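Inspection log for the structure reproduced underneath, given as structure tokens.
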Amino acid sequence: ANAPVAKPFTVNLSSRVPHMLDLIQRTVLPAAELPAANANLNMSQTTGIPLSTLKSLQNEWLTSFNWTKEQEQINTYNHFTVQIGAQNVHFIHEKSKDPNAIPLILLHGWPGSFLEMTHLVDQLKSNSSQPFHIVVPSLPGFGFSSPAPNGWEISDTATLFNTLMTQVLGYKTYAVHGTDWGSGVAFDMYDQFNTTVKAVHFAFLPFFALMPEQLAAQGIALAADEIELEDRAMDFENSGTGYYIEQTTTVNTVGLALYDNPVGQLAWLAEKFVIWSDPRRGTGPSFMTDNEILRHVSLYYLTQTFDSAAFVYAQNPDGFSHTYRTARSKQPLLFTNFQYNILFYPAKLVATVGNLVYYNKVQFGGHFPGVDNPAALASDIRLIGKYFKPLDILPLCYLLGLGLYDQQTIHESSLTSKSFNMSIGAATNGATGLTVPSHNAHATAIATTSPYQHIADFISNVGKFKIIESTLREGEQFANAFFDTETKIKIATALSEFGVDYIELTSPCASPASRADCEAICKLGLKAKILTHTRCTLEDAKIACDCGVDGVDVVIGTSSFLREHSHGKDMAAITKQALEVVNYIKSRGVEVRFSSEDSFRMTNIGLGASDLVDLLSLYRAVDNAGVHRVGIADTVGCASPRQVYDLVRTLRGVVKCDIECHFHDDTSCAVANAYSALEAGATHIDTSVLGIGERNGIAPLGAFLARMIVAAPEYVKRKYDLHRLKDIENIVAEAVHINVPFNNPVTGFCAFTHKAGIHSKAILNSPSTYEIINPEDFGMSRYVHFAHRLTGWNSIKSRVEQLGLHMTDAQVKLLTTKIKAMADVRPLAIDDADSIIRAFHLDLQERDTAETWGN
Ligand SMILES: CC(=O)SCCNC(=O)CCNC(=O)[C@H](O)C(C)(C)COP(=O)(O)OP(=O)(O)OC[C@H]1O[C@@H](n2cnc3c(N)ncnc32)[C@H](O)[C@@H]1OP(=O)(O)O
Ligand SMILES: O=C(O)CCC(=O)C(=O)O
């Protein structure tokens with residue numbers, strides 16, 4: 001049969017607007033709210049839409065809302081209609097020019113419409129990193145699609161839209177995103193068309209939330225930050241479902257009552273837009289303004305679909321269920337939870353309905369993420385690109401059927417070398433003067449691929465980060481630091497040879513010598529790019545650019561502490577000044593980064609939720625102005641890895657540019673925070689040698705690389721000349737008059753010293769048993785410490801062999817008890833232990849000789 005043919009369509013509802021405005025004008029609302037209206041009745045958090053909100057929306061509808069303007073904007077998208085069987089289907093189709101674009105259908109819910117997805121379409125089109133052919137249909141009974149006939153169910157809509165995608169539009173395979181009723185259709189498409197639908201993304205599921213006891217019965221424990229989400233879901237199920245019962249049962253009554261009543265429809269629908277959205281609606285990433293709500297309600301009224309849309313409930317009384325079912329699909333399922341959504345599904349619960357490969361919690365947004373936070377939603381939907389591939393090149397986690405939501409770890413014992421044996425030889429650890437055994441050439445046999453790598457998701461930059469080395473800026477703020485020009489040049493040169501991407505220098509405004517040193521280092525022609533750090537003023541920016549730097553790192557405090565006690569500017573003034581400075585630096589052809597000092601005390605962790613919105617708005621403004629990077633700084637070292645992940649992940653959804661992170665170490669989380677930031681999509685990490693900086697400093701270069709070599713060994717080894725680390729640390733330690741700490745990762749004197757007998761035995765068999773880092777990668781040596789009372793016969797045997805002596809195992813065991821007895825009395829030097837070994841051996845020989853001669 002011939003495939004149905006789609007026809008272009010233009011939205012034109014203008015003729016009905018005068019009648020609508022007339023009715024709005026003539027609708028009388030009560031002068032005052034009823035006394036009980038503000039009370040919390042029947043456990044409910046609200047008695048519905050407040051009269052003042054309704055009146056203000058009614059007024060805005062009459063005075064500033066302009067349907068003609070909205071309609072023009074709506075018509076900027078490519079609209080079509082097509083007759084499929086008895087159904088007329090309206091849809092937007094935005095086709096990419098990229099032949100590799102992924103066909104993607106976006107499915108709205110109630111009280112949404114295709115309009116719910118238009119901001120999302122803009123977001124998806126604005127970033128070409130993952131092109132899509134985007135299709136946004138109106139569900140039957142919504143917008144310009146004909147009402148669903150009697151007996152029509154969600155599964156029929158799934159079939160209808162599969163026909164639209166495959167037969168009408170000719171896509172062989174495609175991806176689906178759905179929310180609210182759209183999630184029901186999406187789930188059915190994922191389930192029914194499980195070879196055609198290659199990936200699905202949900203912001204909601206066609207299932208009700210489960211009670212905490214029900215979750216517990218399934219072994220699902222809630223994390224601390226999930227309790228609030230679960231409480232909100234329970235509150236919704238207990239007291240927020242009046243509309244649901246009405247529309248599932250006596251839908252015709254409300255449908256007809258409000259059919260020609262725009263203000264009535266506004267009250268019914270706006271209640272949902274207001275209550276179900278993020279409370280910060282209309283700010284930061286949210287497009288859910290009053291005007292937006294009026295646009296949606298106008299569409300319902302003008303298309304005369306208030307009743308037919310509500311019928312989706314009555315026709316699908318089991319459309320949302322408490323009984324979870326598993327889709328018959330192995331295709332990847334991605335899920336994003338928005339903080340203020342009405343229901344909550346923990347990751348493990350989502351994993352029961354399909355092949356969950358990605359689960360994310362976004363802190364800003366509610367039930368209409370396409371309007372509440374389209375940037376974050378688009379960012380997660382783009383991840384589909386990672387999974388939308390033929391089976392043979394799907395990510396390992398998918399092939400193994402592992403979910404990413406709980407960061408599965410692969411344990412591959414085969415990666416560790418069983419054949420490696422360490423022999424104890426004599427070598428000297430320069431840092432301590434200890435005589436140490438050396439490892440033999442087989443040390444390189446240690447697994448080059450760590451068995452403890454996490455499977456990174458698409459957003460993660462763990463395997464492709466850049467280092468901004470700030471010893472000569474942050475490090476100069478360390479109490480002991482005074483770097484003369486020669487020392488600065490020595491450190492800068494060493495860092496550049498080591499392979500750091502950027503070297504950050506103190507502001508040239510700090511002093512004449514700082515400026516002269518900055519100019520001198522710029523002239524060295526180092527491989528690393530040279531940055532300087534300045535306040536957010538045009539004067540500082542000009543001096544910085546005049547020095548010949550490759551880039552300027554502009555910073556200004558945004559926390560309320562700094563706004564009040566440092567520079568005294570409010571967010572509007574900060575934004576204005578930031579844009580002036582950024583534009584100026586760009587006009588000089590210099591790379592520019594904009595960072596907010598003390599970024600973490602901006603979030604709702606401490607000082608009020610609206611601060612996060614301000615911060616994101618500021619970042620968005622400088623991103624739009626074309627900064628190369630935005631920076632997040634934990635200036636007081638207060639953040640935890642989880643908070644870092646959440647903030648960076650949120651920011652990743654808001655800005656297109658690179659993200660730099662700067663972590664102080666006041667609470668010892670700097671390296672962990674840097675790692676979390678990379679997992680969440682940060683691109684650049686600030687370090688300083690040995691961590692020196694203001695107070696107790698920031699993420700140390702060596703410690704950070706220790707973390708990263710475990711996570712991304714090939715990248716780290718290829719990019720950095722790790723053997724130089726120890727020298728660089730010594731240069732800096734000497735310059736600032738400190739010792740390298742004994743427990744420093746990698747270069748601390750005992751970083752690769754193994755002492756206890758149980759450890760030593762296993763280390764002698766295979767070093768990777770108790771070493772996550774191969775010391776040789778950093779030009780360091782391993783040391784097995786055998787002369788003490790915690791030693792064991794395996795260590796002593798190795799030493800005996802190393803001394804070229806021969807004993808049976810029984811003899812070595814006896815020797816070990818003698819060494820332990822002596823070590824119980826006092827600490828033993830290696831020479832002491834060796835003397836005991838030699839004396840014991842001599843004694844054995846003498847006995848042998850005596851036996852031979854018959855004495
Ligand atoms: C968190 C960090 O580590 S940020 C980097 C810190 N680095 C430095 O401080 C570099 C070394 N500093 C210096 O040499 C000096 O402080 C200078 C040259 C920058 C400024 O010196 P002074 O003009 O004497 O001011 P002072 O240091 O007493 O106070 C800082 C001034 O900068 C303003 N300011 C602070 N941060 C910023 C900023 N990010 N952007 C713009 N102005 C700022 C303050 O309001 C204050 O201005 P005021 O003169 O109106 O009071
Ligand atoms: O510029 C930055 O991003 C960091 C500035 C700084 O040193 C800090 O905030 O601790």
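Each ligand, and each atom within it, is numbered from 1 in the order the structure gives. In this text, all values refer to a predicted model and were calculated from it rather than measured experimentally. Atoms considered below: every heavy atom in the structure, side chains included; atoms not considered: hydrogens, waters and symmetry mates.
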Determine whether the aromatic ring centres of F465 and F704 lie less than 6.0 Å apart.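 Yes, close enough.
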Name the orientation class of the two ring planes belonging to H684 and Y502 (parallel below 30°, tilted from 30 to 60°, perpendicular beyond 60°).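 If you compare the ring of H684 with that of Y502, the planes turn out tilted.
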What orientation do F600 and F663 show, parallel under 30°, tilted 30 to 60°, or perpendicular over 60°?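 The rings of F600 and F663 sit tilted, inter-plane angle from 30° to 60°.
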Using side-chain hydrogen bond (donor to acceptor under 3.5 Å, both in side chains) as the criterion, list what pairs up with E580, not counting sequence neighbours.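 Scan of E580 (side-chain hydrogen bond (donor to acceptor under 3.5 Å, both in side chains), adjacent residues dropped) gives none.
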Of all residues at least two apart in sequence or in a different chain, which pass the side-chain hydrogen bond (donor to acceptor under 3.5 Å, both in side chains) check with E564?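 side-chain hydrogen bond (donor to acceptor under 3.5 Å, both in side chains) check on E564 returns nothing, list empty.
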To check you understand the geometry: which heavy-atom pair defines the closest contact between F778 and L705, and what is its length?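 Looks like CZ-O, 4.5 Å.
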Considering all heavy atoms, the nearest G366-F338 contact: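 Here G366 and F338 meet closest at O-CB, 3.6 Å.
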Collect the protein residues that have a non-hydrogen atom under 4.0 Å from ligand 2 and hand them over in chain and number order.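 Residues near ligand 2: R473, E474, H533, V555, R593, S595, E597, A633, T635, H662, H664.
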Give the intermediate values and the outcome of side-chain hydrogen bond (donor to acceptor under 3.5 Å, both in side chains) for residues T683 and N461. CA-CA 6 Å; T683 51; N461 282 322; 5.5 Å; no
Return a table of N or O atom pairs, ligand 1 on one side and protein on the other, at distances under 3.5 Å, rounded to 0.1 Å.
residue  : atom   : partner : partner atom : Å
ligand 1 : 3 (O)  : R473    : NH1          : 3.4
ligand 1 : 3 (O)  : Q477    : NE2          : 3.0
ligand 1 : 32 (O) : R535    : NH1          : 2.8
ligand 1 : 39 (N) : V555    : O            : 2.7
ligand 1 : 40 (N) : C536    : N            : 2.9
ligand 1 : 45 (O) : S566    : O            : 3.1

salt_bridge(K719, D501) N-O dist < 4.0 Å: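 D501 and K719: salt-bridged.
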